[in-house]
Structures are given as structure tokens and as C-alpha cells.
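Take a look at the structure below.
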Amino acid sequence: MPAHAKILGVSANDLPPARSTSPAGDAPSAGQQPTTDALRDSAFLKACRREPVPHTPVWFMRQAGRSLPEYLKVREGIPMLESCMRPDLVTEITLQPVRRHKVDAAIYFSDIVVPLKAIGIDLDIKPGVGPVVAEPIRRREDLARLRDLTPEDVSYVTEAIGMLTGELGATPLIGFAGAPFTLASYLVEGGPSRNHEHTKALMYGDPQLWADLLDRLAEITAAFLKVQIEAGASAVQLFDSWVGALSPADYRRSVMPASTKVFAAVEEYGVPRIHFGVGTGELLGAMGEAGADVVGVDWRVPLDEAARRVGPGKALQGNLDPAVLFSTREAVEAKTREVLDAARGLEGHVFNLGHGVLPTTDPDALTRLVEYVHTSTAR
Ligand code: CP3
């Protein structure tokens with residue numbers, strides 16, 4: 001019986017059929033970079049490398065989570081952060097959307113604030129709200145609270161990824177982290193924010209403290225991504241979800257150096273690096289320049305236009321509006337065709353939503369979408 005079924009006490013009969021894993025002896029073990037041919041030749045990794053693909057690969061940001069009844073079931077009574085620290089739960093939750101939707105990649109189940117919690121920042125993830133930080137970071141003396149992250153701080157990540165890569169076989173696992181700006185926004189504001197006013201006050205009012213804060217976060221983020229890659233993640237995504245709040249000039253001056261540092265720190269591993277933010281139409285070029293191999297695009301910019309802004313040498317990821325999934329099947333297919341048409345001339349395309357799956361999305365609509373993209377792009 002697969003480890004994830006055993007550990008959670010869920011009978012294998014309760015679960016949809018497990019995906020085939022790589023043949024015995026071929027399966028990567030914990031702490032090893034999985035390098036099977038089938039994994040390396042997966043549609044997702046090929047698209048990231050801008051190589052020809054058998055079909056356009058699909059995965060969804062927030063594919064694991066509240067849209068899935070099986071997620072709600074295993075999370076019952078377990079707080080979000082606690083579930084991120086339990087390898088058995090992380091493994092099960094990460095696999096759920098792969099089993100159900102047949103997506104082309106898994107994304108490691110965690111949250112962007114997990115590495116901050118791991119170095120001792122007092123924070124919690126409040127249901128329906130998001131990350132809340134007990135004492136915001138706004139003064140120079142607060143920086144001392146942001147100590148280096150070591151692999152021992154997140155040993156559960158290494159353990160969970162070891163379990164996951166064994167289960168996933170040829171399906172790639174995407175590791176991820178929050179980008180320095182988005183993490184700084186939660187730390188400086190103390191929680192979610194619409195206007196990022198405290199964050200911008202610090203960025204404009206004390207540029208040196210701001211630069212030092214982002215540099216600290218870049219170090220922590222890089223260390224967290226390295227742990228995931230060394231444990232077996234085949235790609236990484238840097239989420240700069242809220243950076244669309246900045247002008248291009250401010251982005252280049254005050255954020256890009258830190259994000260560039262993160263990407264440079266993991267370049268030697270040779271795994272695809274994806275860079276994503278929301279409302280970043282004006283920043284796409286700079287976000288590619290920061291060192292991404294794949295640039296994630298939200299639904300506001302068509303992919304052909306995004307490719308002009310990003311320039312050659314990068315794959316793109318996106319970009320169906322997640323709200324479209326609440327419409328009719330015909331409308332979903334028509335809007336999906338628009339995305340695929342705009343993607344036709346791209347060097348590489350990974351299909352995704354323009355932001356995360358909304359919690360009340362019908363999971364069957366997601367399953368149908370995966371199948372639709374696969375069949376309509378089969379070559
Ligand atoms: O499937 C996946 O994509 C992997 C899981 C994942 C989560 N958070 C799980 C989660 C990922 C990639 C994230 C990243 C994340 N977390 C981002 C960047 C992506 C984005 O959406 O832009 C951000 C900004 C956060 C911060 C955060 N954590 C928010 C805004 C929320 C939602 C608050 C809410 O309850 O509506 C969280 C909590 C969170 N992270 C949940 C999940 C599944 C919901 C918690 C729950 O189910 O109880």
C-alpha cells in the first residue's frame with residue numbers, strides 16, 4: 001500500500017487509483033536528486049526548458065486545498081501551519097490533486113510563511129485571513145529576529161519531499177518560496193494588506209533598512225529553496241504575489257536585487273526557476289531579467305503580448321482567469337482556447353491559472369480543464 005494511504009489511516013479503497021510510480025530501483029530515495037529519464041522527459045520539464053512537448057503541460061497554483069473535499073477531510077481539526085510540518089499530511093495533500101486531476105506537476109504543500117515560522121518568527125495563518133505576524137518588523141533592531149535558516153529548521157520538508165518523490169515517480173514536484181517583497185509585506189504590515197502602506201513607507205523612507213531587510217529575506221528564501229531542491233524538487237517557483245503594487249522603476253531599484261540574488265543562489269542546480277506575481281503586466285520584463293527560466297503571467301495580459309514584454313529565451317506560464325471556472329463548460333473551453341491560441345508561438349508554455357484556484361471552485365471543472373488542454377494540444 002502506498003505510504004501516504006498507510007500513514008493517514010485512509011484505506012486505499014477510499015482513494016482514487018494511485019498513479020504509477022517509476023519501476024523499483026529507479027525510484028529516487030530521500031536526499032537524492034531524482035534523475036530518471038521519464039521525469040527529465042516529462043512534458044512539464046520539457047516545456048520549462050522550451051523543448052517540444054507531447055501536449056501542453058498543466059498544473060494549477062493552489063491545486064491542493066479547499067476546492068478538494070479530500071483535502072478538507074484530512075485537514076479537519078489540524079491548523080494550517082501544523083499540517084505543513086507533518087510529512088505524512090504534506091505528502092497526502094500534495095498528491096491529492098495529482099491523483100484527481102491528472103495534472104502534469106505536483107506543487108509541494110506548504111505556505112510562503114513556513115520558513116519564517118521555522119526561524120522563530122511568531123506568526124499564524126488565520127483561516128479566511130492569511131498570515132498574521134504578532135510583532136511586525138519595522139525598525140533596524142527587528143532585523144536581528146530574521147536569523148539564517150538551516151536545513152535542520154525544516155527537516156520535515158526534506159522528509160516529506162523524500163516520501164513524495166518516491167510516490168510521484170515521473171511526475172515532477174515543484175518546490176516554492178515567497179519572494180522577498182511579498183514576505184516583507186506580511187512582516188512589515190503584520191498581516192495581509194490591500195495598499196501595503198507600511199511596507200512602502202519603509203521602502204521609500206529608509207532605503208538602507210529596506211535593502212537590508214530584503215537581503216536578509218533573500219538569504220532565507222534561497223536557503224529554503226535549496227533544501228527543497230536537494231531533497232528532490234525538480235523545479236521551483238518564486239511567488240512574488242503582491243509585487244504588482246510597485247511601479248517598474250521602484251521594482252528595479254528596491255526589489256529586483258533581492259529576487260535576483262535568490263535566483264542566482266539556485267542557478268547551479270539547473271532546475272527550472274519560475275517567477276510569478278499578480279498584476280505584474282508592467283514588470284514582466286524585469287521579473288524575467290531577475291533570473292527566471294519561466295515567467296508566470298496573470299490573466300490581465302495575453303500570453304503573446306507577455307512574450308513580447310519578456311523577450312526571447314524564457315518560457316511562459318499561465319494564464320486563465322480562475323474566476324472563469326465558475327462559468328459554463330462552453331465558456332471555460334472558449335476562454336481556454338483563447339489562452340492556447342495566444343500561446344501558439346511561444347518557445348515554451350506551461351498552462352496554469354492566472355492566480356490560485358479559488359476555494360469554492362468545482363473540482364470537476366478543474367479535472368475537465370486538464371483533460372481539455374491535454375486533448376486540444378496533443379501533437
Ligand atoms: O497547491 C498549492 O499551490 C500549494 C500550496 C500553497 C499554499 N499557500 C497553501 C495554503 C501555496 C503555493 C501557497 C503560497 C502562498 N501563501 C502565497 C503565494 C501564492 C498566492 O496565492 O499568491 C501567498 C500570498 C500565501 C499567503 C497565504 N496563506 C494566504 C493569502 C492564504 C489564504 C488565507 C485564506 O484562508 O483564505 C494562506 C493560507 C493557505 N495557504 C491555505 C492553503 C491551502 C488555506 C488554509 C486552509 O486551507 O485552512
Side-chain angles (χ1 to χ4, degrees), residues 58-86 89-101 103-117 121 123-133 157 160-161 164 173-187 189-194 196 199 221 224-225 228 233 235-245 274-280 296-299 317-319 322 350 352-361 363 366:
V58 188
W59 71 279
F60 303 122
M61 292 182 277
R62 296 280 178 99
Q63 63 191 18
R66 284 172 293 184
S67 65
L68 300 183
E70 58 269 35
Y71 169 82
L72 296 173
K73 192 171 164 196
V74 296
R75 272 286 319 279
E76 233 167 74
I78 306 173
M80 175 64 189
L81 279 172
E82 191 185 321
S83 67
C84 293
M85 293 170 196
R86 281 184 46 181
L89 266 180
V90 168
T91 301
E92 167 59 18
I93 294 172
T94 302
L95 292 170
Q96 285 175 346
V98 180
R99 287 191 206 108
R100 184 191 264 265
H101 302 310
V103 281
D104 293 271
I107 179 156
Y108 183 76
F109 182 78
S110 184
D111 193 81
I112 57 169
V113 295
V114 162
L116 301 177
K117 180 83 181 173
I121 300 290
L123 60 83
D124 198 7
I125 297 180
K126 296 236 156 56
V129 177
V132 177
V133 179
V157 173
I161 292 183
L164 271 167
L173 176 69
I174 304 169
F176 76 90
F181 176 82
T182 291
L183 291 179
S185 166
Y186 283 108
L187 288 171
E189 301 294 336
S193 165
R194 183 183 293 267
H196 310 280
T199 311
T221 298
F224 189 55
L225 290 177
Q228 295 175 69
V236 287
Q237 176 155 323
L238 192 64
F239 281 96
D240 213 348
S241 301
W242 312 139
V243 80
I274 312 170
H275 200 181
F276 170 79
V278 184
T280 49
V297 184
D298 82 1
W299 63 91
Q317 176 173 280
N319 72 343
V350 175
N352 206 315
L353 304 178
H355 196 187
V357 171
L358 296 166
T360 54
T361 304
L366 289 165

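Indexing begins at 1, ligand by ligand and atom by atom, following the structure's order. Sequential numbering from 1 along the given sequence is applied to the chain's residues.
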Test of proximity, Phe276 against ligand 1: N or O pairs below 3.5 Å: no
Under 3.5 Å donor-acceptor, Asn352 side chain and Met61 backbone: yes
Atoms of ligand 1 under 4.0 Å from any heavy atom of Ser241, numbered from 1 in the order shown, are 18 (C), 19 (C), 20 (C), 22 (O), 24 (C)
Going by side-chain hydrogen bond (donor to acceptor under 3.5 Å, both in side chains), name the residues that satisfy it together with Thr199, two or more places apart in sequence or in a different chain. Glu189
Protein contact to atom 19 (C) of ligand 1 [nearest heavy atom, distance to 0.1 Å]: Phe239 CD2, 3.3 Å
Is it the case that the side chain of Ser83 and the backbone of Ile78 share a donor-acceptor pair, with hydrogens and angles ignored and the cut-off at 3.5 Å? no
For atom 21 (O) of ligand 1, what is the closest protein heavy atom, and at what distance to 0.1 Å? His355 NE2, 3.1 Å
Decide yes or no on side chain to side chain contact (heavy atoms under 4.5 Å, CB included) for Leu89 and Phe109, but give the supporting numbers first. CA-CA 9 Å; Leu89 266 180; Phe109 182 78; over 6 Å; no
Which residue and heavy atom of the protein sit nearest atom 38 (C) of ligand 1, plus the separation: Ile125 CG2, 3.5 Å
How close does the nearest protein non-hydrogen atom get to atom 17 (C) of ligand 1, and which residue and atom is it? Arg62 NH2, 3.6 Å
Taking C-beta and beyond as the side chain, do Thr182 and Phe239 meet within less than 4.5 Å on heavy atoms? no
Out of curiosity, is Pro131 lining ligand 1, as in a heavy atom under 4.0 Å away? yes
Name the closest protein heavy atom to atom 40 (N) of ligand 1, giving the residue it belongs to and the distance to 0.1 Å. Asp111 OD1, 2.8 Å
Looking at ligand 1, does any of its N/O atoms fall within less than 3.5 Å of an N/O of Arg75? yes
Residues in ring-ring contact (aromatic ring centres under 6.0 Å, His included) contact with Phe60, at least two apart in sequence or another chain: none
Just one of Arg86, Arg75, Arg99 clears the side-chain hydrogen bond (donor to acceptor under 3.5 Å, both in side chains) bar with Glu92, so which one? Arg99
Closest protein heavy atom (residue, atom, distance) for atom 34 (C) of ligand 1: Arg66 NH2, 3.2 Å
Would you call Tyr71 a ligand 1 contact, heavy-atom distance under 4.0 Å? yes
Any nitrogen or oxygen of Gln63, main chain or side chain, under 3.5 Å from a nitrogen or oxygen of ligand 1? yes
Taking atom 11 (C) of ligand 1 as the reference point, the nearest protein heavy atom with its distance: Phe176 CZ, 3.6 Å
Based purely on interatomic distance, does Tyr108 place a nitrogen or oxygen under 3.5 Å from a nitrogen or oxygen of ligand 1? no
Taking heavy atoms and a distance under 4.0 Å, where does Met61 meet ligand 1: side chain, backbone, both or neither? backbone
Would you check the N or O atoms of Tyr186, main chain and side chain alike, for any that come under 3.5 Å of an N or O of ligand 1? no
One should read off an interatomic distance between Asp298 CG and Asn319 CG, to the nearest 0.5 angstrom, of 7.5 Å
Closest protein heavy atom (residue, atom, distance) for atom 42 (C) of ligand 1: Met80 CE, 3.6 Å
Taking 4.0 Å as the limit for heavy-atom contacts, which would you say applies to Ser110 with ligand 1: side chain only, backbone only, both, or neither? backbone
Kindly state whether the ring of Phe276 and the ring of Phe176 have centres lying under 6.0 angstrom apart. no
Would you give the length of the straight line joining atom CG of Leu238 to atom CZ of Phe181, rounded to the nearest 0.5 angstrom? 13.0 Å
Test your reading of the model: is there a side-chain donor-acceptor pair from Gln63 to the backbone of Ala105, 3.5 Å cut-off? yes
